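What follows is a short report on a single structure.
Being a predicted model, the structure only gives us computed values, none of them experimental.
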Amino acid sequence: MFSHPAGKVGILFFSSLLIVFTLSCGTVANVSVEETATAWYNLGNAYTELGRNEEAVEAFVRARELDPSLFSAGYNLARVYIYLENYGDSVDELQGLLEVDPENRIAKETLAWVYHLQGDDERALGVYLELISKSQFSRNSLYNVAAIYDAQGKKEKAVQYYETLVDNFPEETTVYRNLAILSNEALDYEKALLWSAKYTESAEDEYQSWELNGDILKNLSRYDDALDSFLKAEELADKNSEKGRVIFKQARIYLTIIDDSEKGLELLEKAVENEWKDSDAAEALLSDKEIPWYEDAAEILKTVISQTETTEVSEAADEEE
């Protein structure tokens with residue numbers, strides 16, 4: 001996953017729900033082997049919903065022993081193995097299912113996902129690309145291929161698959177965000193702004209959309225518009241740390257670009273009050289000794305750096321304990 005606060009969403013498995021069906025009523029004496037298998041299968045689903053994954057495994061295994069043709073028991077068993085991080089057994093189950101039904105899309109997508117979880121993205125790509133070659137409407141595969149290429153630094157390929165995805169599924173708002181960030185990273189700010197506009201239009205109540213829009217507008221030297229976007233992000237942000245970050249971005253513009261150092265210092269103090277603790281950003285601004293009112297700004301920035309270092313030391317000590 002990506003750590004940028006308004007950043008790209010990493011690989012997401014748009015997983016289908018567990019395959020569910022129920023046992024019809026009947027007398028105990030008349031219950032067939034298949035119906036008994038279905039009862040174990042539904043019990044496995046119930047255990048899974050409750051988070052009792054070890055018991056779910058036992059139930060799904062029992063269901064499959066009674067009825068080897070119960071494909072959904074094997075699939076849900078593979079899914080529970082993922083929850084247990086038992087990826088090897090999950091791969092074995094899925095490969096077994098694909099021997100019976102080689103063209104099962106859900107099983108293939110899940111297998112590719114498990115390969116990714118195992119750290120084998122090349123193998124995952126192979127499965128996803130095979131699915132895409134058979135259908136451009138393979139939503140999960142398009143997204144995950146783009147995300148893998150993005151993580152590998154193959155930005156042009158990532159853009160290609162993200163664009164194919166939004167052409168076919170325009171409701172995928174996270175893809176607009178990823179395309180805006182990729183274009184911004186490529187210094188194509190005008191294109192980034194176009195994608196960002198689609199993102200804010202479809203996610204106008206999310207502070208991240210306005211923060212990203214502000215970042216791009218700043219890169220385009222449209223500082224007043226950037227400040228408006230950051231202000232909107234500040235209004236929508238729920239957590240103090242989120243508010244603090246976008247307030248700092250406003251402060252930086254006032255301190256380093258717009259001739260209003262008094263406003264900049266006011267916002268810098270407000271950012272700290274809202275739990276802004278980005279020591280890297282503080283050190284970067286601290287290095288700019290040409291800003292007006294440098295001494296006043298430096299005092300605030302040094303406090304942030306000191307507090308961040310203290311927090312990191314304390315967290316490291318807690319981890320050792």
Side-chain angles (χ1 to χ4, degrees), residues 1-2 7-19 69-83 85-186 188 191-192 194-195 198-199 202:
M1 296 294 288
F2 295 84
K8 297 185 287 289
V9 177
I11 294 176
L12 292 179
F13 178 51
F14 293 98
S15 56
S16 57
L17 298 174
L18 293 173
I19 302 172
S69 68
L70 194 55
F71 181 96
S72 49
Y75 176 75
N76 287 4
L77 175 60
R79 291 289 303 277
V80 175
Y81 280 140
I82 295 173
Y83 304 151
E85 299 183 5
N86 190 347
Y87 303 134
D89 283 345
S90 182
V91 167
D92 290 343
E93 288 295 329
L94 292 164
Q95 288 178 337
L97 294 173
L98 288 168
E99 288 178 7
V100 177
D101 185 2
E103 299 304 315
N104 189 285
R105 180 184 57 81
I106 294 176
K108 282 187 176 182
E109 285 187 339
T110 307
L111 179 61
W113 172 243
V114 181
Y115 286 151
H116 163 69
L117 293 174
Q118 290 180 312
D120 193 349
D121 280 345
E122 290 305 319
R123 205 170 182 184
L125 272 174
V127 178
Y128 285 134
L129 290 171
E130 177 192 348
L131 287 164
I132 292 170
S133 71
K134 295 177 180 178
S135 173
Q136 283 290 318
F137 299 97
S138 185
R139 185 179 193 167
N140 303 348
S141 299
L142 285 167
Y143 189 99
N144 289 350
V145 165
I148 290 172
Y149 280 140
D150 191 357
Q152 291 178 340
K154 299 174 182 178
K155 306 299 183 181
E156 291 184 4
K157 284 189 174 183
V159 167
Q160 174 190 340
Y161 284 94
Y162 280 138
E163 288 183 344
T164 301
L165 180 59
V166 293
D167 284 345
N168 290 293
F169 303 98
E171 71 277 11
E172 290 296 341
T173 60
T174 54
V175 180
Y176 295 130
R177 173 171 60 184
N178 290 0
L179 282 166
I181 293 173
L182 281 167
S183 298
N184 195 42
E185 291 173 347
D188 189 348
K191 189 172 183 180
L194 290 174
W195 288 119
K198 288 181 177 291
Y199 178 35
S202 58

**Atom pair CG/NZ of Leu125 and Lys154 - distance to nearest 0.5 Å** = 7.5 Å

**Message:** Restricting to non-hydrogen atoms, name the atom on Leu131 and the atom on Glu109 that form the minimum distance, rounded to 0.1 Å.
**Reply:** CD1-CG, 3.5 Å

**Prompt:** Ala158 and Ala146: which non-hydrogen atoms are nearest, and at how many Å?
**Reply:** CB-O, 3.4 Å

**Item:** Backbone N/O of Ile132 and side chain of Ser135: donor-acceptor pair under 3.5 Å
**Value:** no

**Prompt:** Going through the checks in order, is the side-chain contact (heavy atoms from CB on, under 4.5 Å) test met by Tyr161 and Leu129?
**Reply:** CA-CA 11 Å; Tyr161 284 94; Leu129 290 171; 3.4 Å; yes

**Message:** Please determine whether side-chain contact (heavy atoms from CB on, under 4.5 Å) holds for the pair Arg79 and Trp113, giving the CA-CA distance in whole Å, both sets of side-chain angles, and the decisive distance to 0.1 Å.
**Reply:** CA-CA 11 Å; Arg79 291 289 303 277; Trp113 172 243; over 6 Å; no

**Item:** N/O donor-acceptor pair under 3.5 Å between Thr173 side chain and Tyr199 backbone
**Value:** no

**Asked** Can you tell me if Asp101 uses its side chain to pair, donor with acceptor, with the backbone of Leu97 under 3.5 Å?
**Response** no

**Asked** Can you tell me how far CG of Leu179 sits from CG of Asn184, rounded to the nearest 0.5 angstrom?
**Response** 12.5 Å

**Complete:** Output for pair (Ser141 OG, Lys134 NZ), nearest 0.5 Å, gives 11.0 Å

**Prompt:** What heavy-atom pair brings Lys108 and Pro102 nearest, and what distance separates the two atoms?
**Reply:** CE-O, 2.8 Å

**Test side-chain contact (heavy atoms from CB on, under 4.5 Å) applied to Trp195 and Val166, step by step** = CA-CA 11 Å; Trp195 288 119; Val166 293; 4.1 Å; yes

**Item:** Distance, nearest 0.5 Å, that separates CG of Asn104 from CZ of Phe71
**Value:** 3.5 Å

**Closest approach of Tyr162 to Ala147 (non-hydrogen atoms, all atoms of both residues)** = OH-CA, 3.6 Å

**Item:** Donor-acceptor pair between Asn178 and Tyr143 side chains, under 3.5 angstrom
**Value:** yes

**Message:** Run the side-chain contact (heavy atoms from CB on, under 4.5 Å) test on Gln152 and Asp121 for me, step by step, so that the C-alpha distance in whole Å, both residues' side-chain angles and the decisive distance to 0.1 Å come before the verdict.
**Reply:** CA-CA 9 Å; Gln152 291 178 340; Asp121 280 345; 4.2 Å; yes

**Asked** How many angstroms lie between atom CZ of Arg177 and atom CG of Leu182, to the nearest 0.5 angstrom?
**Response** 12.0 Å

**Asked** For Ala192 and Ala180, which heavy atoms make the closest approach, and how far apart are they?
**Response** CB-O, 3.4 Å

**Residues in ring pair (Phe, Tyr, Trp, His ring centres under 6.0 Å) contact with Tyr115, at least two apart in sequence or another chain** = none

**Message:** Salt bridge or not between Glu171 and Arg139? Use side-chain N to carboxylate O under 4.0 Å.
**Reply:** yes

**Prompt:** Looking only at heavy atoms, which two atoms of Gln118 and Gly88 are closest? And how far apart?
**Reply:** NE2-N, 4.0 Å

**Prompt:** Can you tell if the side chain of Glu163 reaches within under 4.5 Å of the side chain of Leu165, non-hydrogen atoms only?
**Reply:** no

**Prompt:** What pairs with Tyr87 under ring pair (Phe, Tyr, Trp, His ring centres under 6.0 Å), at least two apart in sequence or on another chain?
**Reply:** none

**Prompt:** Can Tyr75 and Thr110 be counted as having a side-chain donor-acceptor contact under 3.5 angstrom?
**Reply:** yes

**Message:** Please report the interatomic distance CG(Leu111) to CD(Glu93), rounded to the nearest 0.5 Å.
**Reply:** 12.0 Å

**Item:** Residue of the set Lys155, Gln160, Lys157 for which side chain to side chain contact (heavy atoms under 4.5 Å, CB included) holds with Tyr149
**Value:** Lys157

